[in-house]
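In what follows, a single structure is set out as structure tokens and then discussed.
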Amino acid sequence: MAGIVVVGGGQAAASLAVKLRALGYVGALTILCDEPVPPYQRPPLSKAYLLGDMALDRLLLRADDFWAAQDITIRTGCRAEAIDRAAKTLHLTDGETLAYDQLALTTGATPRQLPAAIGGGLGGVHVVRTLADVDAMAPALKPGARLVVIGGGYIGLEGAAVARKLGLEVTLIEAAPRILGRVACAETADAIRALHHAHGVQIIEGTGLARLTGTDHVTGADLADGRHIPADVVVVGIGVAPQTALAEAAGLAIENGIKVDAQGRSTDPAIWAAGDCASFPGPDGRMRLESVGNAIDMAETVAANMLGAGKAYHPKPWFWSDQFDAKLQIAGLNTGYTQVITRRGDGQSFWYYRNDRLIAVDALNDARAYMIGKRLIESGKSPAPDALADPATDLKALLA
């Protein structure tokens with residue numbers, strides 16, 4: 001038997017393979033990592049690792065002896081170039097052909113780049129996704145250096161916070177009217193903006209980038225309104241796109257990611273997908289989630305289904321972001337919210353309602369609000385908005 005092959009070297013790949021073994025799968029099991037390191041955590045890259053607070057060995061999801069003990073083959077620096085669905089083989093970039101009985105695609109997502117025509121290819125311009133990205137960037141993050149961050153989403157804001165901690169002068173540019181415009185309410189954005197201002201980050205909103213300047217190395221950013229911001233280094237955080245090229249070339253259906261059914265199966269019954277690269281049926285239509293929680297939960301569901309469980313995947317979304325010494329914890333999905341309730345307690349929290357249904361919560365330095373909000377959302381309970389807004393309300397009592 002050719003066994004199961006997992007393409008990808010992140011959280012979803014590791015979770016899927018480990019779950020297969022935990023469920024009793026004893027056949028051949030191989031993970032293909034196109035990076036030169038075994039599966040590792042990505043969220044700490046833009047936080048603790050960049051700050052120097054986390055070493056490489058702590059980034060790794062499992063130690064080498066774990067993979068050996070589980071009889072899981074890890075092939076690093078190994079990229080799948082093409083899938084031959086009829087022959088059930090993968091063609092690798094080193095010329096080898098690898099057979100599979102079932103194939104799992106956990107290829108993740110790739111950062112959107114600035115076009116070369118406006119300076120995206122200049123030296124000193126970086127994205128944050130892989131270990132190599134951060135290792136390439138780190139030497140430039142020196143006290144007194146001038147950093148320009150393009151993009152006011154979580155990655156850009158996390159990069160800005162770390163850079164300020166390292167002593168850089170930081171300017172963040174967001175073309176939309178406000179930071180976090182696609183992912184959070186104005187109330188959450190206001191709190192995060194105030195936090196950054198208090199730590200000396202200059203945030204420019206509602207003004208796009210015209211071009212980066214420089215000949216070989218970036219020297220600054222020209223804005224659409226005519227301003228010029230000097231820069232020694234630039235971090236681009238303008239979102240990611242699912243890595244679907246391998247699947248698309250093989251003729252699999254693509255719809256904002258690799259299109260899978262409720263069990264995680266692609267349009268080829270022998271090929272599955274999980275994590276950032278996969279789009280799946282949700283309660284309000286097809287969806288794709290970029291989060292550690294989704295990578296783990298979906299991968300584990302897919303592993304069970306590869307062994308015949310026949311389980312539909314029902315996500316329970318949660319996210320987090322570290323900004324300076326503040327922790328933002330998010331539960332649920334705020335898509336289509338109609339009102340936001342602000343609650344102040346140990347920290348502050350913002351509760352999203354779609355009409356009369358609680359759908360999400362953002363909790364800033366308020367772990368209790370996050371935990372209770374997550375339980376309320378997952379149990380389908382929606383407290384009266386007035387009760388949440390009243391600081392005298394015992395949140396735990398809302399679970400009854």
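Along the sequence shown, the residues carry numbers beginning at 1. Note that the structure is predicted; figures quoted are calculated from it, not measured.
Note that NZ of Lys88 and CG of Asp101 are 6.0 Å apart. Values are rounded to the nearest 0.5 Å. Within the model, atoms OG of Ser46 and CG of Asp133 stand 11.0 Å from one another, a figure rounded to the nearest 0.5 Å. Atoms CG and CD1, on Asp362 and Ile330 in that order, are 5.0 Å from each other to the nearest 0.5 Å. Put simply, NE2 on His314 and CZ on Phe280 are 10.5 Å apart, with the number rounded to the nearest 0.5 Å. Taken to the nearest 0.5 Å, the CG atom of Leu16 stands 9.5 Å off from the OG1 atom of Thr301. Interatomic distance, CD1 of Ile203 versus CG of Leu157, reported as 6.0 Å (0.5 Å rounding).
Residue Ala247 comes nearest to Ile254 through the heavy atom pair CB-CD1, 4.1 Å, listed as atom of the first residue, atom of the second, then distance. Nearest heavy atom pair, residue Ala250 against residue Ile83, reads CB-CB, 3.9 Å. Across every non-hydrogen atom of Tyr353 and Ala384, the tightest pair is OH-C, 4.1 Å. The shortest heavy-atom contact between Leu307 and Leu20 is CG-CD2, 3.9 Å. Looking at every heavy atom in both residues, Gly336 comes nearest to Arg354 through O-CG, 3.3 Å. Pro38 and Trp67 make their closest contact through CB-NE1, 4.5 Å (heavy atoms, listed as atom of the first residue, atom of the second, distance).
When atom types are taken as modelled, the side chain of Lys381 and the backbone of Leu399 share a donor-acceptor pair closer than 3.5 angstrom. Formation of a donor-acceptor pair under 3.5 Å by the Arg343 side chain with backbone atoms of Leu388 is found in this model. Of the possible donor and acceptor atoms, none in the side chain of Ser291 sits under 3.5 Å from a partner among the backbone N and O of Phe319. The backbone N or O of Thr97 lies less than 3.5 Å from no partner atom in the side chain of Thr89, so there is not a single donor-acceptor pair. Judged by distance alone, the side chain of Arg211 and the main-chain N or O of Ala117 form no donor-acceptor pair under 3.5 Å. Arg178 places no side-chain N or O within 3.5 Å of a backbone atom of Glu205 that could act as its donor or acceptor partner. Here the side chain of Asp232 pairs a donor or acceptor atom with the backbone of Arg146 at under 3.5 angstrom. Here the side chain of Thr267 pairs a donor or acceptor atom with the backbone of Ala253 at under 3.5 angstrom. Under the 3.5 Å distance criterion, the side-chain polar atoms of Thr213 are matched with a main-chain donor or acceptor of Gly220. Of the possible donor and acceptor atoms, one in the side chain of Asp261 sits under 3.5 Å from a partner among the backbone N and O of Gly264.
Partner of Thr244 under the side chain to side chain contact (heavy atoms under 4.5 Å, CB included) criterion, chosen from Asn256, Leu105, Thr107, Ile258: Ile258. Screening Val234, Val233, Val236 for a side chain to side chain contact (heavy atoms under 4.5 Å, CB included) involving His126 leaves a single residue, Val233.
Checked for salt-bridge contact, Asp225 and Arg227 meet the test: a charged N lies under 4.0 Å from a carboxylate O. Between Glu96 and Arg75, at least one side-chain N (NZ, or NE/NH1/NH2) sits under 4.0 Å from a carboxylate O, which counts as a salt bridge. A salt bridge between Glu81 and Arg79 is absent, with no side-chain N of the basic residue lying under 4.0 Å from a carboxylate O of the acidic one. Between Arg58 and Asp53 no salt bridge is recorded (no basic side-chain N to carboxylate O distance below 4.0 Å).
Grouping the Ile, Leu, Val, Met, Phe, Trp and Tyr side chains by contacts below 4.5 angstrom, directly or via other members, places Val134 with Leu147. A single hydrophobic cluster is seen to contain both Ile155 and Leu172, as judged by linkage of ILVMFWY side chains at heavy-atom distances under 4.5 Å, directly or through other members. Cluster annotation: Ile118 and Val127 are assigned to the same hydrophobic cluster (Ile/Leu/Val/Met/Phe/Trp/Tyr, side-chain heavy-atom contacts under 4.5 Å, transitive).
Within the cation-pi definition used here (under 6.0 Å to the ring centroid, within 45° of the axis), Arg42 qualifies as a partner of Tyr40.
Between Cys185 and Tyr352 the shortest side-chain heavy-atom distance falls below 4.5 Å.
Other residues, nucleotides and ligands place more than 12 heavy atoms under 6.0 Å from the CG atom of Asp94. Within 6.0 Å of CZ on Arg129 lie more than 12 heavy atoms contributed by other residues, nucleotides or ligands. In Arg21, the CZ atom is crowded: over 12 heavy atoms of neighbouring residues, nucleotides or ligands sit closer than 6.0 Å. At most 12 heavy atoms of other shown residues, nucleotides or ligands fall within 6.0 angstrom of atom CG in Asp356. The number of heavy atoms from other shown groups lying within 6.0 Å of CZ (Arg375) does not exceed 12.
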>> side-chain contact (heavy atoms from CB on, under 4.5 Å) for Leu90 and Leu32? Distances and angles first, verdict last.
In response: CA-CA 11 Å; Leu90 283 168; Leu32 303 181; 3.8 Å; yes
>> I'd like to know whether Lys396 forms a side-chain contact (heavy atoms from CB on, under 4.5 Å) with Arg368, so could you lay out the CA-CA distance, the side-chain angles of the two residues, the decisive distance to 0.1 Å, and finally the verdict.
In response: CA-CA 9 Å; Lys396 192 171 183 181; Arg368 179 179 172 85; 3.4 Å; yes
> When you look at Thr219 and Leu122, which way does the side-chain contact (heavy atoms from CB on, under 4.5 Å) test go after all the steps?
Replying inline: CA-CA 9 Å; Thr219 58; Leu122 291 170; over 6 Å; no
> Between Tyr100 and Val7, is a side-chain contact (heavy atoms from CB on, under 4.5 Å) present by the stated rule, with each step listed?
Replying inline: CA-CA 11 Å; Tyr100 65 84; Val7 178; over 6 Å; no
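Every side chain to side chain donor-acceptor pair (under 3.5 Å) that Asp322 has, sequence neighbours left out, goes to Lys327. Residues meeting the side chain to side chain donor-acceptor pair (under 3.5 Å) test with Asp268, sequence neighbours left out: Arg85.
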